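Please read these numbers as outputs of a predicted model, since none were measured by experiment.
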Amino acid sequence: MLLLCYTYMIIIINVKGINMKLSENTVGFLKNYANINQSLEFREGKLLRTVSPLNTILASVEIDEDFPKTFPIYELNRFLGTLSLFNDPELDFTDNGVSIKDSNHEATYRYCGSSSMFQTPPEKDISFPEADVEFELSQDVFKKTINAANTLGLPEVVIEGDGNETRIVVSDTGNTSSDNFSTGVGSTDKTFRMIFKTENLNKLMEGTYEVKLSSKRISHFKRTTDSLQYWIALEQNSTYEG
């Protein structure tokens with residue numbers, strides 16, 4: 001069955017399609033998406049969306065380009081690697097694959113046989129419940145928090161409030177004697193402990209985010225500089241007392 005998703009480098013046949021160039025920003029989003037799911041269903045229009053295989057992360061962003069059709073790519077990193085072989089490549093979306101060319105080179109990257117072979121996002125974004133906790137997470141704090149979690153080898157990032165202050169903490173909630181690293185991110189009159197897997201937050205692009213947390217164990221991260229947003233599941237041992 002996987003034979004349907006093998007790709008081939010071949011001479012382009014002259015099939016008329018719709019030409020497009022991908023911006024550096026869009027390529028950056030696609031590289032990020034490849035860390036969330038190795039496969040991607042490109043959908044007609046300007047909206048790029050992906051979901052992790054276990055449905056723990058959903059990402060969405062509106063891009064400048066307008067894709068002329070819906071098509072599945074099974075190995076997104078391989079597709080991006082093919083694009084990197086070209087100087088300012090032009091893409092032509094035909095019925096069976098993406099024709100790629102520049103002034104000197106030409107190739108065709110075949111679509112996957114069916115998007116049913118991998119996890120795809122729902123047609124609409126998640127309807128987020130009323131937020132119980134909201135704060136802004138600056139790029140500097142976000143970057144240092146992730147670096148600390150990776151340096152210390154800690155599996156979780158906890159956003160906690162004690163009725164006075166909100167802090168973001170990297171820790172191992174299953175080990176009371178574990179190392180930790182924390183930073184204050186605002187004030188609060190609520191008591192809560194919202195827990196993420198470090199590996200999930202590792203998949204976010206750098207930036208400053210408006211963060212919303214729900215006691216229903218779902219979070220929303222909206223980057224302040226563009227339309228990029230993520231919905232990330234909270235761990236079952238998260239608590240909210242209000």
Quick one: do Ile159 and Leu137 end up in the same hydrophobic cluster if we chain Ile, Leu, Val, Met, Phe, Trp and Tyr together by side-chain heavy atoms under 4.5 Å apart?
yes
Do you reckon Val133 sits in the same ILVMFWY cluster as Val211, going by side-chain contacts under 4.5 Å, direct or chained?
yes
What I want to find out is whether Asp226 reaches Arg223 closely enough, with some N-O distance under 4.0 Å, to be called a salt bridge.
yes
Should the pair Glu241-Lys190 be classified as a salt bridge under the 4.0 Å nitrogen-to-oxygen rule?
no
When you look at Ile73 and Ser39, which way does the side-chain contact (heavy atoms from CB on, under 4.5 Å) test go after all the steps?
CA-CA 6 Å; Ile73 294 292; Ser39 307; over 6 Å; no
Taking 4.0 angstrom as the limit, do Arg43 and Glu41 come out as a salt bridge?
yes
Qualifying residue, where the test is side-chain hydrogen bond (donor to acceptor under 3.5 Å, both in side chains) with His220 and the options are Glu210, Gln229, Glu134, Lys212
Gln229
Distance-only side-chain donor-acceptor flag, Ser177 / Asn175, under 3.5 Å:
yes
Looking only at heavy atoms, the pair that brings Phe192 and Thr166 closest together is CZ-OG1, 3.8 Å
Evaluate the ring planes of Phe42 and Phe71, with Trp represented by its six-membered ring, and classify them as parallel (under 30°), tilted (30 to 60°) or perpendicular (over 60°).
parallel
So, are Lys197 and Glu199 salt-bridged, with charged N and O less than 4.0 Å apart?
no
Could you tell me whether a side-chain N or O of Asn77 sits under 3.5 Å from a main-chain N or O of Gln38, the two making a donor and an acceptor?
no
Can Phe196 and Phe221 be said to form a ring pair (Phe, Tyr, Trp, His ring centres under 6.0 Å), step by step?
CA-CA 13 Å; Phe196 296 87; Phe221 287 70; 5.7 Å; yes
Check: Met194 main-chain N/O paired with Ser238 side-chain donor or acceptor under 3.5 Å:
no
Relative to the ring of His105, is the ring of Phe86 parallel (under 30°), tilted (30 to 60°) or perpendicular (over 60°)?
perpendicular
Salt-bridge criterion met for Glu62 and Lys46 (N-O under 4.0 Å):
no
Walk me through it: do Met117 and Cys112 pass the test side-chain contact (heavy atoms from CB on, under 4.5 Å)?
CA-CA 9 Å; Met117 300 179 67; Cys112 175; 4.0 Å; yes
Are Ser23 and Glu65 linked by a side-chain donor-acceptor pair shorter than 3.5 Å?
yes
Give a yes or no answer on whether the side chain of Lys69 reaches the backbone of Thr94 with a donor-acceptor pair at less than 3.5 Å.
yes
Can you confirm whether the side chains of Asp64 and Asn25 place a donor and an acceptor under 3.5 Å from each other?
no
So OH of Tyr240 and OG of Ser215: to nearest 0.5 Å the spacing works out to 6.5 Å
Without hydrogens or angle criteria, can the side chains of Gln119 and Asn55 be said to hold a donor-acceptor pair below 3.5 Å?
yes
Cluster overlap Ile146 with Val170, hydrophobic side-chain contacts below 4.5 Å
yes
Kindly work out whether a path of hydrophobic side-chain contacts (I/L/V/M/F/W/Y, heavy atoms less than 4.5 Å apart) joins Leu47 to Leu22.
no
Exercise: identify the closest heavy-atom pair between Leu234 and Ser214
CD1-O, 3.6 Å
Within a reach of under 6.0 Å around NZ of Lys144, are more than 12 heavy atoms found that belong to other residues, nucleotides or ligands?
no
With distance as the sole test, does Thr50 use its side chain to make a donor-acceptor pair with the main-chain N or O of Leu40 at under 3.5 Å?
no
Quick one: does any side-chain atom of Arg193 pair with a main-chain N or O of Asn237 as donor and acceptor, under 3.5 Å?
no
Hydrophobic cluster identity match, Leu80 and Tyr109, side-chain contacts under 4.5 Å
yes
Closest non-hydrogen atom pair, Leu58 against Pro121:
CD1-CB, 3.6 Å
Over 12 foreign heavy atoms within 6.0 Å of NZ, Lys216:
no
Under 3.5 Å, is there a donor-acceptor pair between the Thr173 and Ser171 side chains?
no
Should Tyr209 and Ser138 be marked as a side-chain contact (heavy atoms from CB on, under 4.5 Å) after you check the CA-CA gap, both sets of side-chain angles, and the distance that decides it?
CA-CA 6 Å; Tyr209 286 90; Ser138 72; over 6 Å; no
